[in-house]
Enquirer: 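First, the structure itself, so that you have it in front of you.
Hydrogens, waters and symmetry mates play no part in the numbers below; they use all other heavy atoms, side chains included.
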Amino acid sequence: MKKKIILATVFIFLFAYNAFALSEAYKNNIYNPGELKPVDSVLKVKIGQKAPDFQLKAVSGKVVSLKDYYGKKNVVISFVPAAWTPVCSDQWPGSNIVQDMFESHDAVLLGITVDNIPTLYSWTNQMGNLWFDVLSDFWPHGAVAKKFGVLRSDGVSERALFVIDKKGIIRYIDVHNINQRPSLETLVRELEKVN
């Protein structure tokens with residue numbers, strides 16, 4: 001029954017009207033970069049390999065390390081290219097809808113972007129309360145994105161998802177077309193495989 005509720009929620013989200021980026025709160029604040037090259041990086045990690053550890057500062061002020069979750073939680077890392085852009089401003093608020101899905105799979109979500117903390121603070125406040133940590137990979141610029149092999153030639157990261165199990169092993173990778181939001185339904189299926 002719980003699985004049906006999760007899938008129904010994901011279905012509703014996937015086909016719901018794009019309300020976040022088009023809302024009055026965002027009016028005239030979203031930068032549209034136009035159509036970009038779908039993928040512009042070379043992946044440096046692979047499924048079955050230990051994920052590179054990192055320490056990044058969160059918007060909340062705390063420092064988050066991947067190894068903090070070893071033995072405790074599965075981790076989904078969501079790299080997005082940049083604050084204040086249409087798809088990114090849609091993607092992360094959508095994750096609020098499926099918070100229960102992450103919890104039911106004993107997983108946390110970590111959002112990472114190359115923007116600095118003040119920019120991320122303003123952007124995430126505009127989005128509303130996000131239940132997950134949003135981390136800044138600003139300095140050294142894009143160092144974590146580079147470790148994973150998702151730093152684009154223009155200095156932003158790819159739109160990418162990594163599912164990492166409690167042992168720190170990468171179980172799923174989706175380096176997505178930067179112009180499109182990844183499927184939450186696919187992410188749900190991949191998290192089910194981890195448990």
Enquirer: Given the rule that I, L, V, M, F, W and Y join up when any side-chain heavy atoms are under 4.5 Å apart, are M127 and I117 in one cluster?
Expert: no

Enquirer: Do L43 and V39 share a hydrophobic cluster (ILVMFWY, side-chain heavy atoms under 4.5 Å, transitive)?
Expert: yes

Enquirer: Once the angle between the rings of F162 and F79 is folded into 0 to 90°, is it parallel (under 30°), tilted (30 to 60°) or perpendicular (over 60°)?
Expert: perpendicular

Enquirer: If two hydrophobic side chains count as joined below 4.5 Å and joins carry through other members, does L66 share a cluster with I47?
Expert: yes

Enquirer: Are any non-hydrogen side-chain atoms of S41 and F148 less than 4.5 angstrom apart?
Expert: no

Enquirer: Indicate yes or no for a side-chain donor-acceptor contact from N74 to the backbone of V163 under 3.5 Å, with no hydrogens or angles considered.
Expert: no

Enquirer: Taking D137 for its side chain and A145 for its backbone only, find out whether a donor-acceptor pair lies under 3.5 Å.
Expert: yes

Enquirer: What heavy-atom pair brings L120 and D115 nearest, and what distance separates the two atoms?
Expert: CD1-O, 3.7 Å

Enquirer: Using atom types as modelled and distance alone, determine if a side-chain donor or acceptor of E158 lies under 3.5 Å from a backbone N or O of H176.
Expert: no

Enquirer: Passes salt bridge (charged side-chain N to carboxylate O under 4.0 Å, His left out), K193 versus E190? Steps please.
Expert: CA-CA 5 Å; K193 293 177 187 176; E190 294 302 324; 3.1 Å; yes

Enquirer: For the backbone of M101 and the side chain of S104, can you confirm whether one donor and one acceptor N or O come within less than 3.5 Å of each other?
Expert: yes

Enquirer: Given 3.5 Å as the limit, does a donor-acceptor pair link the side chain of S78 with the main chain of L161, or not?
Expert: no

Enquirer: Answer whether the closest heavy-atom distance between the side chains of R159 and Q180 falls below 4.5 Å.
Expert: no

Enquirer: Report the distance from atom CD1 of I77 to atom CD1 of I170, rounding to the nearest 0.5 Å.
Expert: 8.0 Å

Enquirer: Starting from L110, can I reach W139 by hopping between I/L/V/M/F/W/Y residues whose side chains sit under 4.5 Å apart?
Expert: no

Enquirer: Considering all heavy atoms of both residues, which atom of S89 and which atom of W123 are nearest to each other, and what is their separation?
Expert: OG-NE1, 3.0 Å

Enquirer: Please evaluate residues L130 and S95 with respect to the criterion side-chain contact (heavy atoms from CB on, under 4.5 Å), reporting the C-alpha separation (whole Å), side-chain torsions for both, the decisive distance (0.1 Å), and the verdict.
Expert: CA-CA 8 Å; L130 299 177; S95 297; over 6 Å; no

Enquirer: Take atom NZ in K62; do more than 12 heavy atoms of anything else shown fall under 6.0 Å from it?
Expert: no

Enquirer: Just by modelled atom types, is the D53 backbone N or O under 3.5 Å from a matching donor or acceptor in the K147 side chain?
Expert: yes

Enquirer: What closest approach, in Å, do Q55 and S65 show between heavy atoms, and which atom pair accounts for it?
Expert: CG-CB, 3.8 Å

Enquirer: Should V150 and F138 be regarded as members of a common hydrophobic cluster, given that ILVMFWY residues are connected when their side-chain heavy atoms come within less than 4.5 Å of each other, either directly or indirectly?
Expert: no

Enquirer: Look at the aromatic rings of F132 and W92 and report parallel, tilted or perpendicular, splitting at 30° and 60°.
Expert: perpendicular

